[in-house]
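Here is the structure we will look at.
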Amino acid sequence: MSTTDRELRVGMVGYAFMGAAHSQAWRTVNRVFDLPARARMSLICGRDAGKVADAADRLGWDAYTTDWRDLIARDDIDVVDVCTPGDSHAEIALAALAAGKHVLCEKPLANTVSEARAMAAAAVTAQAAGVRSMCGFNYRRVPAVAMMRQLVADGRLGVIRHVRATYLQDWIVDPQFPLVWRLQRDKAGSGALGDIGAHIIDLTQYVTGRRITGVSAVTETFVKERPLPAGSSGLAATVDGATADGNGADGHRPATGAVTVDDAAVFVARLDGGVLATYEASRFATGRKNALRVEINGSLGTVAFDLERLNELEFYDATRPAAEQGFSRILVTEGEHPYMSAWWPPGHLIGYEHSFTHQMRDFVEAVATGVDPAPSFVDGLQVQLVLDAVTRSAELGSSWTEVEPALATVAA
Ligand code: SOE
């Protein structure tokens, strides 16, 4: 795949919440990081001509199109960035790889294991022709998370025994919150499990370097029927003429539809190397807005991360003299910390959006230097296999369900 004057010309499909987050990162990445290629925001794609024209203007794209096939067919696009709901990831990513475009695809990689397997296989084939692909698990790029991984890799935690991970939100606690696409299995694949559970599955496998080998799960859909949406944007949505009692202004109940995904998923797991783990993903954790927490306990220490305090890492070093032991709070803003030398002086904090900028940094560098970026589509498939095992376990009364290694299933 060619770059023009060390330019990578990006075409992005989708312009809602993730499209806006990715645009922010594409706009910023070359202004903050010194990279071997410049990302150019060439083309944005969405089905509604008026809305995508507005998005192009607002988010800073050179041009727009209403057909993703047109975007992929163009010779002047090097990278396809997929920010659509999960039901179109496979089709778009497969077509883009077949056309020789580098692909960045939002998480979860797909809606089903068979789609994810096809995508991983296509990505492995495309690698041979120098075509790169990556799945967008942005939280890997929070500096404190990257540092957590370094501590584990450097042996500072000793033998890993426990992983404890939760990702909690509350944006659908109200039973009158409408039936947006994230609550429909045909569009999203699964609910809290795939949307936010996927993040903690990927993050813990990444940080520990271990694979989840089996699970026992329970899932629940607390609210089974919801009003149909009149409109939605990001995680906000409206119902036509709804009043506080759930009736429309004229006293009639608005039309409703069935929720076809889980509202919450809880599971225990084994990771290879004898690690015991617990995971909880819920959109019904009242008061918890976007609370991703991970703690890892090892024979020599513990690390803990909380997304709501994302510039910090808690570290307990059990090798210190007994009298000095205790949790220390590391402010991960020093130039020595991952990604941080490009930003502000120590103590000047960064936020959610920076994880996406770091993701684009790593992607652009990998593509421009001819290296495969991570997480790969095979890594995305590994997460998909866990999501699938959790769903099957819950359907079978929490029965223990093994998770195959992704690479073996791609080769098969
Ligand atoms: C909605 O739950 C959401 O936007 C997810 O889709 C993102 O992946 C997560 O980062 C924040 O919450």
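Remember, it's 1-based here, ligands and their atoms both numbered in the order they're listed.
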Do other residues, nucleotides or ligands put more than 12 heavy atoms under 6.0 Å from the CZ atom of Arg141?
yes
Would you say ligand 1 has an N or O under 3.5 Å from any N or O of Asn138?
no
Can you name the atoms of ligand 1, numbered from 1 with element, that are less than 4.0 Å from a heavy atom of Phe17?
4 (O)
Ligand-residue contact atoms, ligand 1 with Ile196, heavy atoms, under 4.0 Å:
2 (O)
Identify the closest protein heavy atom to atom 5 (C) of ligand 1: which residue and atom is it, and at what distance?
Asp195 OD1, 3.1 Å
Quick one: do Arg40 and Glu7 satisfy salt bridge (Lys or Arg N to Asp or Glu O under 4.0 Å)? Show the steps, please.
CA-CA 7 Å; Arg40 185 181 182 97; Glu7 236 185 19; 3.4 Å; yes
Do the charged groups of Arg74 and Asp76 touch, with an N to O distance under 4.0 Å?
yes
Would Arg283 count as a polar contact of ligand 1, with the cut-off being nitrogen or oxygen pairs under 3.5 Å?
no
Is the shortest side-chain N to carboxylate O distance from Arg309 to Glu312 below 4.0 Å?
yes
Salt bridge or not for Glu91 and Arg69, using N-O below 4.0 Å?
yes
Enclosure of Lys51 NZ (heavy-atom neighbours >12, cutoff 6.0 Å)
no
Provide the number and element of each atom of ligand 1 under 4.0 Å from a heavy atom of Tyr139.
9 (C), 10 (O), 11 (C)
Of all the atoms in ligand 1, which lie at a distance below 4.0 Å from a heavy atom belonging to Tyr352?
10 (O)
Side chain, backbone, both or neither: which part of Phe137 has a heavy atom under 4.0 Å from ligand 1?
neither
In plain terms, say whether Asp62 and Arg9 are close enough for a salt bridge, that is, a side-chain N and a carboxylate O under 4.0 Å apart.
no
Please determine whether any non-hydrogen atom of Tyr167 lies less than 4.0 Å from an atom of ligand 1.
yes
At a 4.0 Å threshold, what atoms of ligand 1 neighbour a non-hydrogen atom of Leu235?
1 (C)
Taking atom CH2 of Trp400 as the centre, report whether more than 12 heavy atoms of other residues, nucleotides or ligands fall under 6.0 Å from it.
yes
Only heavy atoms of Arg182, strictly under 4.0 Å: list the atoms of ligand 1 that pass.
1 (C), 4 (O), 6 (O)
In terms of atom number and element, which parts of ligand 1 are under 4.0 angstrom from non-hydrogen atoms of Lys107?
5 (C), 6 (O), 7 (C), 8 (O)
Name the one of Asp262, Asp195, Asp170 that satisfies side chain to side chain donor-acceptor pair (under 3.5 Å) with Arg283?
Asp195
Around atom 12 (O) of ligand 1, find the nearest protein heavy atom and jot down its residue, atom name and distance.
Gln169 NE2, 3.0 Å
Please state which part of Phe356 comes within less than 4.0 Å of ligand 1, counting heavy atoms only: side chain, backbone, both or neither.
neither
